[in-house]
Protein chains: 2
Amino acid sequence: MSELPAEPLSRRDRARADTVSEIKRTARKVLVERGVDGLALRAVAREMGMTAPGLYRYFDSREDLVEHVVADLYDELSDVLEAVRDAAEPATPGVQLMTVARAFRQWATTHHPEFGLLFGSAAEGIIPAEDLHGPGEHLPQVASRRFGGVFAELVARIYLEQGFPVPDEDELEPALRTQLTEWCAKLPVALPLGVMHVFLSCWIRLYGLVCMEVFGHLRFALDDAGPMFEAELRALGALLGVAGEYRPPAA
Amino acid sequence: MSELPAEPLSRRDRARADTVSEIKRTARKVLVERGVDGLALRAVAREMGMTAPGLYRYFDSREDLVEHVVADLYDELSDVLEAVRDAAEPATPGVQLMTVARAFRQWATTHHPEFGLLFGSAAEGIIPAEDLHGPGEHLPQVASRRFGGVFAELVARIYLEQGFPVPDEDELEPALRTQLTEWCAKLPVALPLGVMHVFLSCWIRLYGLVCMEVFGHLRFALDDAGPMFEAELRALGALLGVAGEYRPPAA
DNA sequence: TAGCAGAGTGAGCGCCGTTCGCTAACAGTG
DNA sequence: CACTGTTAGCGAACGGCGCTCACTCTGCTA
């Protein structure tokens, strides 16, 4: 939004900005060291030689601080995903999608507390229900849209560049068609509803699998979900007509 | 385990059992009224005219109480699922599976706080990591096995009674084959590894979808995940060779 | 009737989020 | 320079939390 125009930052404003970013940095440190539940205002303040009430000069509440940390984490995650996407070789959308998906799982498993904050059930309260419709300008919400967009864009590119089998609009149940139409209207580019459906289904499998793995809901069956993830990735590739581009993971 | 043999309950023991169940009942009431975070020992005690320390006569800690509530909820959910399974008409495993899946989603969406306790990221701590292997006799763990078993049994019955397409063992990546073999060894009946794979993949789609819906991770696209759930159910039916048994939801 | 086990209490510890009133240090103006 | 208004940060305090401890009371049993 109004990023660049506000150039002349006063001495005070610069100090303030520094403090804000130090608080968020410290909050993340506390998050990593002590988990989501240990992320307390007092702990953050203590860690940086302040007292808790002082933080209220910078954030309205613990909730507010957490929201800002969440938004930053979404941005960081998006940066990572975009970076691996742009570095993928060969630079076809199919290979890029699989690379990005792997990087997502990688980030999730190596950033357990952060992932819990972004995707756990504790995040329920963070994206308020009132913002269901409308612009939804809450910080974490816009940041999470960028994250989801990385995947959505790649699937869209695969479809536009080479296509993949998609249900006809009139094969979709009317109720689902309505839902998908409403969603589609919110997006910058219009795609066939069948594409939206396929994307959602893939998304559920990828994202659902990673969430289940990280939150321990797969331990009843697997103690390492990696191979299952690869199998799903392969299946998704087949669905999107890019099975031939599947390569075993680099690591 | 030792349920029936301990018949002669003294007057005191009966009183104690009553108190235990009253505490759990009250805890659930507090859970529903005030959410997962509001489920505090003091709140439970207050609600039933006691003080918090008194609860320590019955439960070792808040954690312990929560575990017992979780186990009870798993049992209740399993009861519901088994009931609708046994009432499904016609009583084919395909119809039963879809009915049970719908009932699961129904329970999830109408019991938001309870679902959060069972399946949210807060449940991470509840099933301890040490119990990864071995018997895993922690209360919530055995209760959750019964829950998962309802689905697993139905998929197994579909396979055994009429079969469905399944990858050959040597089509599976070696790493995945190892994982599935280990899991299979823990189960009462041995099934082809391909069946385990298909079941897991279905499970991820069903369970992942419901979790994402309830925890708000699908709101970016859908404000009612019902139609998408039905579409997935249909797709799963096709995968398991029971597409013909799909019927639109009763409601 | 004496004694004992168990239920339940109140006080208290250290933690939490949050509010309030205060003291400084700072920035800008005459 | 002095004066004024703004801001950062602090200590105290409120109510709530999980949990421990020492204590009382009650009901059972020997």
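Sequence lines set the chain letters: A, B, ... in the order given, protein chains first and strands last, and positions in each chain run from 1. Please read all numbers here as calculations on a predicted model, not as lab measurements.
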Across nucleotides 10-18 of chain C, 5' to 3', mark each nucleotide with B, S or - according to how protein heavy atoms within less than 4.0 Å reach it.
BBB---BBB
Answer with yes or no after comparing the ring centroid distance for B/Phe147 and B/Phe119 against a 6.0 Å cut-off, counting only values under it.
yes
Electrostatic pair A/Asp79:A/Arg146 at N-O distance under 4.0 angstrom
yes
Flag the pair A/Thr109 / A/Glu213 as yes when at least one side-chain heavy-atom distance between them is below 4.5 Å, and no otherwise.
yes
Starting at CG of B/Leu209, measure out to CD of B/Glu232 and round the result to the nearest 0.5 Å.
6.0 Å
Spacing between B/Glu22 atom CD and C/dA7 atom P, to the nearest angstrom:
14 Å
So do B/Asp223 and A/Gln179 actually touch side chain to side chain, heavy atoms under 4.5 Å?
yes
Geometric class of the B/Trp203/A/Phe220 ring pair [parallel <30°, tilted 30-60°, perpendicular >60°]
perpendicular
Phosphate contact (C/dG8 OP1 or OP2) by B/Tyr58 side-chain N/O below 4.0 Å
yes
Thinking salt bridges, do B/Asp37 and B/Arg62 make one under a 4.0 Å N-O criterion?
no
Gap between atoms CG and P, on A/Leu55 and D/dG11 respectively (whole Å)
14 Å
Return the polar atom pairs (N/O with N/O) between nucleotides 22-29 of chain D and the protein under 3.5 Å, or none.
from	atom 1	to	atom 2	distance (Å)
D/dC28	OP1	B/Arg11	NE	3.3

For the ring pair A/Phe151 and A/Phe199, is the centre-to-centre distance below 6.0 Å?
no
Tell me what A/Phe59 touches on the nucleic acid: a base, only sugar-phosphate, or nothing, going by heavy atoms under 4.0 Å.
nothing
Lys/Arg-Asp/Glu bridge criterion (N-O < 4.0 Å) met for B/Glu153, B/Arg85:
yes
Phosphate oxygens OP1/OP2 of C/dA7: is one of them under 4.0 Å from a side-chain N or O of B/Arg16?
yes
To the nearest 0.5 Å, tell me how far A/Glu182 CD sits from A/Met196 CE.
11.5 Å
Angle of first-five versus last-five pair axes in the helix from C/dT1-D/dA30 to C/dG30-D/dC1, to 10 degrees
20°
Whole angstrom is fine here: how far is it from CZ in A/Arg14 over to C1' in C/dC26?
14 Å
